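Scroll down for the structure; my scribbles are underneath it.
Please read all numbers here as calculations on a predicted model, not as lab measurements.
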Amino acid sequence: MLLLHDTLAGEVTEFTLRDPGKASMYICGPTVYDLPHLGHGRFTLVFDVLRRYLIFSGLDVTYVSNITDIDDKIIARAAAEARSESAVCEEYEARWWEAMDQLGVMRPDKTPHATDFVDEMVTMINELMARGVAYQTSDGVYLDVSQVEGYGALAGQPLESLKAGARIEEHEEKRSPLDFALWKAAKPGEPRWPAPFGEGRPGWHTECVVMSLDLLGEGFDLHGGGLDLKFPHHENERAQAVALGRPFAAHWAHNGWVMVEGEKMSKSLGNFTSLTDLLEKSDGRAYRLLVLRSHYRAPIEVTPDTIDDAERGLDRLDGIARRLPLKAPTFPVVLSTNDAYDAESVARFVELMDNDLQTPQALALVFDVITRAHSAADANDEGAATMLGNTALLLAGAMGLEARGEAAVVDALTQSLVAERDAAREAKDFARADALRDELTALGWVVEDTAAGTAVRR
RNA sequence: GGCGACGUGGCCGAGUGGUUUAGGCAGGGGCCUGCAAAGCCCCGUACCCGGGUUCGAAUCCCGGCGUCGCCUCCA
């Protein structure tokens, strides 16, 4: 039984399912107006790990994550670069998926685009107006949060308290500074859709309510995203569903910040690093390892040092796959009772993951199993070594971490140096052998002697 | 002003009332090796400060200090 922290409850609760055997997740996706940054990388990894763990546990998971393709920032960029909004969205959505693939994040089962759901959003806004909880102003349609039962539940603060701290600029037509736009009336030159309440475009908080309920149905299991979405984005989504009287997400999950030198990384602070940049410089698996290494709700520091550290950790994972003839699990990994695994380790893994995704300890467990596999191999106990090695690959794989044991692609020059070195060692010409090793090292290879002769890897 | 998170050994980063304890990286010693590498074994000082509860607290409570965040767009 999976226990998961629920933002609404403010504590770890049982992750219950609406339909037995099936899990439905809606994770807020990106607004495609710029390159993805490290924060995007983290939330996609965190929820990818949750998704994979649910699959590993035998559940049939439906994972929906949207693409916001209409927004002020998209319009601004399009205007600044004198091209269409759709051109901007196409470019950055493509970059988004490239980064996701490099991270090994599974593609969502469904990827709704906001602009494909405008009709549904208009219908919903109409209903909110008919119910008297939304009102029209000269620049759009707003939700009257004072009429929403329990507004502020996600923020963990009552409405009055939120109001007191509101730093929103005055808007004389709004009844409360916390009221938010469901619909923004079109300004000249902006993309627009027809609506009974005037041409315009949907507000950000509206798309996710409509798309999640439309694609997953009422009372779906989990709604997640980065911590900054908790308020106001998720609060406002929830407010719309509550105002409509429609059961919304049963469970809310939010992951912690990516920090840069002790400060939250964010676009507004200008201290963000693009994911694209990171992935050019490091193995995509390194960021996943880094994310797994701390709890998903804790902040993480991403620096060249912590990434390097993670890459060295990967080498330890890969090392066991290089050493032993293991059976790589099929991704996404599903727990099968047919194969020979170390039952105790698997049980321990499940116990840790069930406890609000204790991936740091689960990872420690994987490393322990690797050590045991090496020890067994040292003792020439091939059966135990293989079984333990396969267990390590299974558990790492369950978290989306792939071990790579395949030999490097070796060019002709390297091949000849390797052959020459083997010959020299055969002839006990160690001076020559060491010189050749130096040459190989200079070419960027790590040289290891094995029973089969010289082995090289990057 | 309101609400919240956090402060652990060289670094990253878990943990939680009590035997030995995360784990990774880095460092030291040993085994292995022609020498290495990889691997295995062993090792180091930790728990912000001050009180309190307790037989016993890094772990619970109170106070303090410090850091960070949310209440505006933000993953």
Side-chain angles (χ1 to χ4, degrees), chain A residues 10 27-31 36-47 71-73 152 154-158 160-169 177-178 180 204 224-233 235 254-259 262-269 272 275 289-290 292-295 297-303 305-317 319-320 322-323 352 358-368 370-379 425 428-431 433-434 437-438 441 445-450 454-457:
Chain A
I27 308 302
C28 283
T31 301
H37 59 67
L38 297 181
H40 292 112
R42 186 177 192 191
F43 93 78
T44 51
L45 284 167
V46 163
F47 290 104
D71 172 86
D72 291 349
K73 298 190 203 73
L154 272 171
Q157 292 189 67
E160 285 313 311
S161 159
L162 285 167
K163 243 186 224 170
R167 287 181 273 160
I168 310 162
E169 74 284 6
L178 293 170
F180 59 92
W204 179 41
L227 193 55
D228 45 357
L229 295 186
K230 184 171 82 164
F231 190 93
H233 184 54
E235 187 78 58
H254 294 96
N255 63 275
W257 302 114
V258 171
M259 310 293 286
E263 262 193 334
K264 172 193 159 190
M265 188 198 75
S266 77
K267 295 235 168 166
S268 50
L269 292 174
F272 68 94
L275 189 56
L289 186 72
L290 196 56
L292 289 171
R293 213 167 59 170
S294 60
H295 187 76
R297 286 188 281 119
I300 56 171
E301 187 86 39
V302 184
T303 66
D305 282 350
T306 60
I307 287 287
D308 284 351
D309 195 74
E311 285 197 298
R312 284 192 290 267
L314 284 178
D315 201 49
R316 183 150 171 80
L317 176 66
I320 195 66
R322 279 197 300 269
R323 180 174 186 179
L352 291 169
Q358 298 291 352
T359 59
Q361 291 174 78
L363 203 56
L365 172 68
V366 169
F367 282 114
D368 276 340
I370 288 172
T371 299
R372 290 168 59 203
H374 277 301
S375 291
D378 284 351
R425 291 190 69 225
K428 305 251 187 269
D429 183 357
F430 295 121
D434 289 352
R437 178 166 57 202
D438 289 345
T441 303
W445 295 103
V446 176
V447 181
E448 292 178 8
D449 294 341
T450 70
T454 298
V456 295
R457 62 189 170 86

Between [atom2] of [N] and [atom1] of [X], the distance in whole Å:
X         : N       : atom1 : atom2 : result
Leu292(A) : rA14(B) : CG    : P     : 12 Å
Asp434(A) : rU33(B) : CG    : C1'   : 12 Å
Lys230(A) : rA5(B)  : NZ    : P     : 9 Å
Ile300(A) : rC6(B)  : CD1   : C1'   : 15 Å
Arg457(A) : rA37(B) : CZ    : P     : 12 Å
Asp378(A) : rC32(B) : CG    : P     : 13 Å
Glu448(A) : rG39(B) : CD    : P     : 8 Å
Ile320(A) : rA38(B) : CD1   : P     : 15 Å

When every nucleotide of nucleotides 17-30 of chain B is labelled 5' to 3' by its protein contacts under 4.0 Å (heavy atoms), B for base, S for sugar-phosphate only, - for none, what sequence of letters results?
-----BSBSS----
Students often get this wrong, so: under 4.0 angstrom with heavy atoms, is [X] touching a base, only sugar-phosphate, or nothing?
X         : result
Ala310(A) : nothing
Pro158(A) : nothing
Gly319(A) : nothing
Gly256(A) : base
Arg372(A) : nothing
Gln358(A) : sugar-phosphate
Val258(A) : base
Lys73(A)  : sugar-phosphate
Phe231(A) : sugar-phosphate
Arg323(A) : sugar-phosphate
Val447(A) : base

Please determine, for [N], whether a Watson-Crick or G-U wobble partner exists with both distances under 3.5 Å, and give it or none.
N       : result
rC40(B) : rG30(B)
rG56(B) : none
rG17(B) : none
rA5(B)  : rU67(B)

Go through the structure and list residues passing salt bridge (charged side-chain N to carboxylate O under 4.0 Å, His left out) with [X], not counting sequence neighbours.
X         : answer
Asp449(A) : Arg421(A), Arg425(A)
Arg316(A) : none
Asp378(A) : Arg323(A)

Under a 4.0 Å N-O cut-off, is there an ion pair linking Arg437(A) with Asp434(A)?
yes
Taking the nucleotide of RNA chain B with the closest heavy atom to each, which residue, Val446(A) or Ala298(A), is nearer the 5' end?
Ala298(A)
Of His295(A) and Leu227(A), the one whose nearest nucleotide on RNA chain B sits closer to the 5' end is His295(A)
Taking atom types as they are modelled, would you say the side chain of [X] forms a donor-acceptor pair with the base of [N] within the 3.5 Å cutoff?
X         : N       : value
Arg297(A) : rA5(B)  : no
Asp228(A) : rG69(B) : no
Asp449(A) : rC35(B) : yes

Could you measure between the two [atom1] atoms, the one in [N] and the one in [M], and give it in whole Å?
N       : M       : atom1 : value
rG23(B) : rG44(B) : P     : 13 Å
rG30(B) : rU21(B) : P     : 26 Å
rU8(B)  : rA22(B) : P     : 16 Å
rC43(B) : rG10(B) : C1'   : 15 Å
rA37(B) : rC25(B) : P     : 15 Å
rC70(B) : rC42(B) : P     : 45 Å
rU53(B) : rA57(B) : C1'   : 10 Å
rC48(B) : rC12(B) : P     : 14 Å

Are any of the side-chain heavy atoms of Gln358(A) and Leu365(A) separated by less than 4.5 Å?
no
Against the side chain of Pro232(A), the closest entry in rC73(B), rA75(B), rC35(B) is rC73(B)
If you only use heavy atoms from C-beta on, which nucleotide in rG2(B), rC35(B), rC70(B) is closest to the side chain of Gln157(A)?
rG2(B)
His374(A) side chain N/O closer than 4.0 Å to the phosphate oxygens (OP1, OP2) of rG39(B)?
no
Ignoring hydrogens and angles, tell me if any N or O in the side chain of [X] forms a donor-acceptor pair with the backbone of [Y] under 3.5 Å.
X         : Y         : answer
Glu235(A) : Leu154(A) : yes
Thr359(A) : Ala362(A) : no
Gln157(A) : Gly152(A) : no

Going by ring pair (Phe, Tyr, Trp, His ring centres under 6.0 Å), name the residues that satisfy it together with Phe43(A), two or more places apart in sequence or in a different chain.
none
Can you list the residues that meet the ring pair (Phe, Tyr, Trp, His ring centres under 6.0 Å) rule with His374(A), with sequence neighbours excluded?
none
Shortest non-hydrogen contact from Ser294(A) to Pro360(A)?
C-CG, 3.5 Å
